Every structure is written in C-alpha cells, then in structure tokens.
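As structure tokens, the structure follows; a few thoughts come after it.
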Amino acid sequence: MSESLLRVVPTVPDWVPAQDAADAAALVVSAMCPGAGELVACRYAEVTFIDQGANFEAVGCPVCTAPLDGDWWQERMDDAYATRFATLDTVTPCCSATVSLNDLEYHWPAAFARFELQVRNPGRGWLSPDEAAQVSTVLGSTVRQVFSHY
Ligand SMILES: [Zn+2]
C-alpha cells in the first residue's frame, strides 16, 4: 500500500504556532484539499526531519549548487541528530559554505520542523503560491511544503 502526504511546515524549524492559529490553518488547508483522506496537525517535542520518503532523489549545495554526496549528507544528519537537531549548521565540502541542513537543496523538498499539517492522500498536488500565502497568513509563519511518497 503506498500513500502520499502533503506536509505544510513553518519555515523556521523550531517555530510552533499557538493552538488557535494551528486549528485555523488546518481548516484552511482542509478546504484546499477536498478530496483528501485525512488531515492531521502534528506537534513534535523536538525538531524533526520532515522527509519526502521515496521522493528523495538528491541533495545539493544551496551556495554553489554542486551535488552533495549521499554518505556525506547522512553523516551530517547523524551528527545533527545527536544534538536532537538543535544544531543544523554544517560546512559544505564543495565550497566550504556554512549552511543549515534545513537550507540544502533537497530534491524533492524536505524540511525540519516541530509542527506540521499533514494531509494524507491529498488528492491534489502542491499548494499554489497563493494558497501557501493564505496558509502563512493564518498560521502566522511563512511555510514550506514537503510532498512525501511512501
Ligand atoms: Zn557548495
């Protein structure tokens, strides 16, 4: 059984919305996904990697756009996980840039967050920029989207 998840998360990994803002944003997203299976708002005690599942294809450097080695990335993830993702900064091997693991070029996109609106089998694709802006306004934070396939 495969499933898809459209995951909408705050841009800043450790930012969490107030309950009423989270509820309001869930309603907005729900209205945008009328064919969806289920919508869940998830809060995590610690910053969590919001992965794209089988949609993971590659990771690149956001500064010089060089592809990053998968083993290098996995080791940096392990290091960061050891800090419970409190420290996401790392230095890229290609151009020695200090960047956050949250800001690497993930193909497809991935993110780090303590809060997500998770739409199971959304029955549609990405939210449009306009729709994402509406969610941002209600939530009180700019958002990123992750589309996961398992
Ligand atoms: Zn680079």
Side-chain angles (χ1 to χ4, degrees), residues 1-18 21-22 25-26 28-29 32-33 36-37 39-150:
M1 265 274 300
S2 72
E3 74 175 1
S4 297
L5 297 177
L6 174 61
R7 314 172 79 171
V8 182
V9 304
T11 311
V12 176
D14 61 3
W15 189 88
V16 286
V28 170
V29 173
M32 291 170 180
C33 305
L39 185 149
V40 210
C42 307
R43 289 171 184 272
Y44 304 109
E46 293 166 337
V47 172
T48 300
F49 184 54
I50 307 297
D51 72 280
Q52 66 288 70
N55 288 336
F56 181 96
E57 290 170 0
V59 187
C61 174
V63 177
C64 75
T65 74
L68 293 169
D69 180 70
D71 290 338
W72 174 88
W73 176 74
Q74 191 59 57
E75 284 167 21
R76 300 292 80 71
M77 287 292 284
D78 290 347
D79 290 350
Y81 184 72
T83 73
R84 319 311 286 178
F85 292 135
T87 303
L88 293 174
D89 281 355
T90 191
V91 177
T92 60
C94 41
C95 61
S96 300
T98 300
V99 294
S100 167
L101 290 171
N102 192 43
D103 295 328
L104 298 181
E105 298 280 342
Y106 293 96
H107 308 284
W108 299 13
F112 290 83
R114 284 188 54 201
F115 173 81
E116 67 170 315
L117 291 171
Q118 191 179 89
V119 187
R120 196 171 300 270
N121 295 321
R124 58 163 292 165
W126 302 97
L127 300 183
S128 71
D130 273 0
E131 288 173 321
Q134 288 177 48
V135 178
S136 296
T137 301
V138 176
L139 191 64
S141 162
T142 52
V143 295
R144 284 191 191 185
Q145 301 177 63
V146 175
F147 213 108
S148 312
H149 189 76
Y150 296 101

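Sequential numbering from 1 along the given sequence is applied to the chain's residues. First listed ligand is number 1; within each ligand, the first listed atom is number 1. Keep in mind it's a predicted model, so treat the numbers as computed, not measured.
Ring geometry for Y106 against F49 counts as tilted: the plane angle lies between 30° and 60°, on a 0 to 90° scale.
The number of protein N, O or S atoms lying under 2.8 Å from the Zn ion (ligand 1) is 4.
Taking a 6.0 Å sphere around OH of Y44, one finds it holds more than 12 heavy atoms contributed by other residues, nucleotides or ligands.
Side-chain atoms of Y150 and D51 form a donor-acceptor pair, as typed in the model, at a separation below 3.5 Å.
In this view, T83 satisfies the side chain to side chain donor-acceptor pair (under 3.5 Å) rule with no residue, not counting sequence neighbours. Scanning for salt bridge (charged side-chain N to carboxylate O under 4.0 Å, His left out) contacts around D69 gives an empty result, with sequence neighbours left out. Applying the salt bridge (charged side-chain N to carboxylate O under 4.0 Å, His left out) test to E46 and every residue at least two apart in sequence or in another chain returns R84.
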